[in-house]
Novice: 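Here's a structure for you.
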Amino acid sequence: MQTIGVIEGDGVGPEVMSEALHVLELVSRQDQLAFHIERFDLGAERYLRTGEVLPEAEQERLRQCDAILLGAVGDPRVPPGVLEKGLLLKIRFDFAQYINLRPVRLYEGVDTPLKAKGPNDIDMVVVRENNEDLYVGAGGVLRKGTPEEVAIQTSMNTRAGVDRCLRYAFEKARARAKERVFRGLSEADKAAGFRGQLSMVAKTNVLTEAHGLWMRAFNEMAPLYPEIKTNYYHVDACCMRFVTNPEWFDVVATNNMFGDIITDIGAVLQGGMGVAASGNINPERTAPSMFEPVHGSAPDIAGKGIANPVAAILSVGLMLDHLGYHPGAERIRAAVARVLKAGTPRTPDLGGTAGTKDVAKAIFEALSA
Ligand code: NAD
Ligand code: IPM
Ligand code: MN
């Protein structure tokens, strides 16, 4: 019996999580997997009620889980950062979830805002470093509130932290190359023996120290993966190329801050925040990994029953992959693909008029068929 910790969180979090759990339950019944669901009352309501964000006892209970599913955190009634840093980032950091895995895949039947691009052009995976950079909270404020105020927030990059992220990204490129058409490789590249591609994204032309480290680490690791074609983009050019030439990308490795930003572009390429899934992975499995939609609590649509459950449901698929239950994960993706291809039902973010539950029900039925 494996235990799945569930943090529904705030806003649309509980709405999409409830549907994701139905899907998990169905797949585990079909495949005779035994999951025990352990719910955690964490997020804005708990904070507003008790002042607690992530009590130690709760964190220890989370640590005992085999994996965690999270809906979303963030609430307009709570000052920015309290829940985002105190709950979400604390779990990512304390549980050494140093990879943020964010697939960007355009499903058939979903509109991308990119003219003349289709499912064959948009299928990449972003490997975002998840434990360092500007997110570590190094810095401080002096003379706060005065005209002489000084605010410093430092990007921390360690060689060990960069190496482990890049190693994961190279391995991901190798694994993807085994099972699919090679993306972004020219015929000449293929003739030269390349199988798979890894693009690193940074800003070496300005952040010469921090990203000089990234570049050296990348260049030193590349010869260990001779069949993987490597290339490099400055982050500004990457933003442009995601939009003009998404088909150039296969696996993308980047730092925490840039990864946050470029994966919102990635989400839009694949149809929007409603369909983008992610995993916060601890590859060594010294603590549980956590799976969540890329989107936040969406206060503008919370409580209306129209949030797209696809991102949360695909996150369950990523969790099953991580736990080694690939057939169930594949069937979830196939069911989502079938419903999206059918064109209906879909939620308003994808141009439809259906509600969260209608879409989830259709996916549920596709899974049962
Ligand atoms: P957001 O992702 O919540 O919303 C951005 C836009 O996308 C909104 O218009 C929203 O309606 C839409 N959207 C998001 N999820 C959707 C879904 N499932 N279906 C349809 N439309 C969807 O980002 P935001 O508005 O910048 O942030 C809101 C709050 O969420 C903030 O407090 C922020 O800190 C937090 N946040 C949390 C996470 C997380 O928990 N992982 C991620 C991002 C933002
Ligand atoms: C995300 C979110 C988080 C991040 C916030 C809510 C801390 O934007 O998961 O993309 O910046 O990583
Ligand atoms: Mn983000």
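Start at 1 with the first residue, then count along the sequence. Numbering of ligands and ligand atoms starts at 1, following listing order.
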Novice: With a cutoff of 4.0 Å, is Leu88 in contact with ligand 1, counting heavy atoms of the residue only?
Specialist: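 Judged by the 4.0 Å heavy-atom criterion, Leu88 does count as contacting ligand 1.
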Novice: Is Arg102 close enough to touch ligand 2? Criterion: a residue heavy atom under 4.0 Å from a ligand atom.
Specialist: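 Distance cut 4.0 Å: Arg102 passes for ligand 2.
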Novice: Looking at ligand 1, does any of its N/O atoms fall within less than 3.5 Å of an N/O of Arg92?
Specialist: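 No: no nitrogen or oxygen of Arg92 is under 3.5 Å from one in ligand 1.
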Novice: Mind checking whether Met257 has a heavy atom under 4.0 Å from ligand 2?
Specialist: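 The answer is no: ligand 2 sits nowhere under 4.0 Å from a heavy atom of Met257.
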Novice: Have a look at ligand 2 and work out which part of Met273, if any, has a heavy atom under 4.0 Å from it: side chain, backbone, both or neither.
Specialist: neither
Novice: Please work out whether any backbone atom (N, CA, C, O) or any side-chain heavy atom from C-beta onward of Ile301 is under 4.0 Å from ligand 1, and answer side chain, backbone, both or neither.
Specialist: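 For Ile301, only side-chain atoms sit under 4.0 Å from ligand 1.
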Novice: What do you reckon, does Gly71 have a nitrogen or oxygen under 3.5 Å from a nitrogen or oxygen of ligand 1?
Specialist: no
Novice: Checking the N or O distance criterion of under 3.5 Å, is ligand 1 in contact with Ala72?
Specialist: no
Novice: Tell me, please: is Val294 in heavy-atom contact with ligand 1, that is, under 4.0 Å?
Specialist: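 Within the 4.0 Å threshold, so yes.
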Novice: Are any of the heavy atoms in Ser297 under 4.0 Å away from ligand 1?
Specialist: yes
Novice: Using heavy-atom distances, let me know which of Gly296, Ala307, Gly9 sits nearest atom 42 (C) of ligand 1.
Specialist: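 Nearest option to atom 42 (C) of ligand 1, by heavy atoms: Gly296.
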Novice: Report the part of Asn308 in contact with ligand 1, treating N, CA, C, O as backbone and CB onward as side chain, heavy atoms under 4.0 Å; options are side chain, backbone, both, neither.
Specialist: both
Novice: If the threshold is 4.0 Å, N to carboxylate O, is there a salt bridge linking Glu45 and Arg49?
Specialist: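 Looking at Arg49 together with Glu45, the answer is no, because their closest N to O distance does not fall below 4.0 Å.
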Novice: Answer with side chain, backbone, both or neither: which part of His295 has a heavy atom less than 4.0 angstrom from an atom of ligand 1?
Specialist: both
